[in-house]
Amino acid sequence: DHNMQIIHHAATIFLISFSYCANYIRIGTLVMIIHDASNFLLEPTKMFHYLKWRRICDTLFTVSSAMYLFTFLVIFPNKVLYNTYYYSMELYRPFLGYYLMNGSLMVLQLLHIFWSYFTICIVCRLFVRGTVEKDLRSDSEDSEKGEEEMPQEKEATKNGLVPSSPNSGGSRISKDTSLQLNGSSHPKIR
């Protein structure tokens with residue numbers, strides 16, 4: 001999913017920049033509005049997920065997914081792609097900008113289809129199992145090392161010590177830094 005995100009952001013940045021430079025501002029603005037139509041519900045969904053309010057989280061996720069599928073699989077191809085690909089050919093002769101704009105729009109549409117598959121799988125799992133345990137698309141938000149910490153490191157963290165990093169020369173720094181200012185046990189008085 002990381003590579004798809006990079007492609008998506010590169011195509012989007014190119015599309016927004018090119019739509020502004022080529023005076024296709026209406027297309028660029030419409031694409032941004034369509035992309036933001038379902039995204040505004042994702043932040044509250046994440047908040048309720050972190051609060052472990054599953055029922056509200058699942059409801060918001062289902063509504064957000066329905067909006068996502070509708071805007072990216074119905075509105076985007078029928079309104080944006082149709083008008084930029086077919087209708088513009090009736091009005092103007094194609095030029096390099098026509099191919100660049102439609103190429104980046106088609107890349108976005110292919111990514112929408114790819115992500116829609118995962119979204120549908122997650123929603124189906126939500127209805128079948130009653131909960132979504134792990135998102136298929138994203139990596140774990142916890143660090144890989146978090147689950148595999150050594151017992152000494154857990155104990156050191158628990159007691160207020162910060163485990164040393166590989167580049168720190170093995171020294172440990174306590175949370176109480178009032179006694180460790182400027183490398184000495186006494187603060188300097190100016």
Is there side-chain contact between Ile113 and Tyr117, with heavy atoms separated by less than 4.5 Å? no
Check whether any side-chain heavy atom of Tyr98 sits under 4.5 Å from a side-chain heavy atom of Met89, and report yes or no. yes
Could you tell me the separation between the CZ atom of Arg54 and the CG atom of Leu126, rounded to the nearest 0.5 Å? 11.0 Å
Does atom OH of Tyr85 have more than 12 heavy-atom neighbours from other groups under 6.0 Å away? no
Tyr68: which residues meet the ring-ring contact (aromatic ring centres under 6.0 Å, His included) condition with it, sequence neighbours left out? Phe72
Would Val80 and Gln109 satisfy side chain to side chain contact (heavy atoms under 4.5 Å, CB included), going step by step from the backbone distance to the final call? CA-CA 10 Å; Val80 177; Gln109 183 58 26; over 6 Å; no
Does Thr84 have any side-chain hydrogen bond (donor to acceptor under 3.5 Å, both in side chains) partners at least two apart in sequence or in another chain, and if so, which? Asn102
Please check: side-chain N/O of Ser104 versus main-chain N/O of Met101, any donor-acceptor pairing under 3.5 Å? yes
Same cluster (ILVMFWY, side-chain, under 4.5 Å), Tyr82 and Tyr99: yes
What's the separation between atom OG1 in Thr45 and atom CG in Asn39, rounded to the nearest 0.5 Å? 10.5 Å
Which atom pairs, donor and acceptor, lie under 3.5 Å between side-chain atoms of residues 19-33 and protein residues at least two apart or in another chain?
{"residue": "Ser19", "atom": "OG", "partner": "Leu15", "partner atom": "O", "Å": "3.1"}
{"residue": "Ser19", "atom": "OG", "partner": "Ile16", "partner atom": "O", "Å": "2.9"}
{"residue": "Thr29", "atom": "OG1", "partner": "Ile25", "partner atom": "O", "Å": "2.8"}

Please report the closest heavy-atom contact between Cys57 and His49, naming both atoms and the distance. SG-CB, 3.6 Å
Taking every non-hydrogen atom, the tightest pair across Gln5 and Trp115: N-CZ2, 4.0 Å
Single-linkage hydrophobic cluster, 4.5 Å side-chain cutoff, Leu69 and Val74 together: yes
How many angstroms lie between atom CD1 of Ile6 and atom NE2 of His2, to the nearest 0.5 angstrom? 4.0 Å
Less than 4.5 Å apart, side chain to side chain, heavy atoms only: is that true for Val107 and Leu111? yes
Can you confirm whether Ile122 sits close enough to Phe61 that some side-chain heavy atom of one is under 4.5 Å from a side-chain heavy atom of the other? yes
Which atoms form the tightest heavy-atom contact between Leu108 and His35, and what is the distance? CD1-CE1, 4.2 Å
For His8, give me all partners under side-chain hydrogen bond (donor to acceptor under 3.5 Å, both in side chains), at least two apart in sequence or on another chain. none
Which atoms form the tightest heavy-atom contact between Ser64 and Ser38, and what is the distance? OG-O, 3.3 Å
What's the separation between atom CZ in Phe48 and atom CZ in Arg55, rounded to the nearest 0.5 Å? 13.5 Å
Return the CE to CG distance between Met67 and Leu60, rounded to the nearest 0.5 Å. 11.0 Å
In this structure, are over 12 heavy atoms from other groups packed under 6.0 Å from Phe95 atom CZ? yes
Ile120 with Val128, same ILVMFWY side-chain cluster at under 4.5 Å: no
By the rule that ILVMFWY residues connect when side-chain heavy atoms come within less than 4.5 angstrom, directly or transitively, which residues belong alongside Leu110? none
Within one Ile-Leu-Val-Met-Phe-Trp-Tyr cluster: Leu41 and Ile75, side-chain cutoff 4.5 Å: no
For the CG atom of Leu105 and the OG1 atom of Thr12, what is their distance to the nearest 0.5 Å? 9.5 Å
Does the side chain to side chain contact (heavy atoms under 4.5 Å, CB included) test come out yes or no for Phe76 and Thr71, once each step is laid out? CA-CA 6 Å; Phe76 187 77; Thr71 56; over 6 Å; no
Please name all residues satisfying ring-ring contact (aromatic ring centres under 6.0 Å, His included) with Phe114, sequence neighbours left out, ordered by chain then number. Phe118
Note: Thr62 and Phe127 closest approach over all heavy atoms is CG2-CZ, 3.9 Å
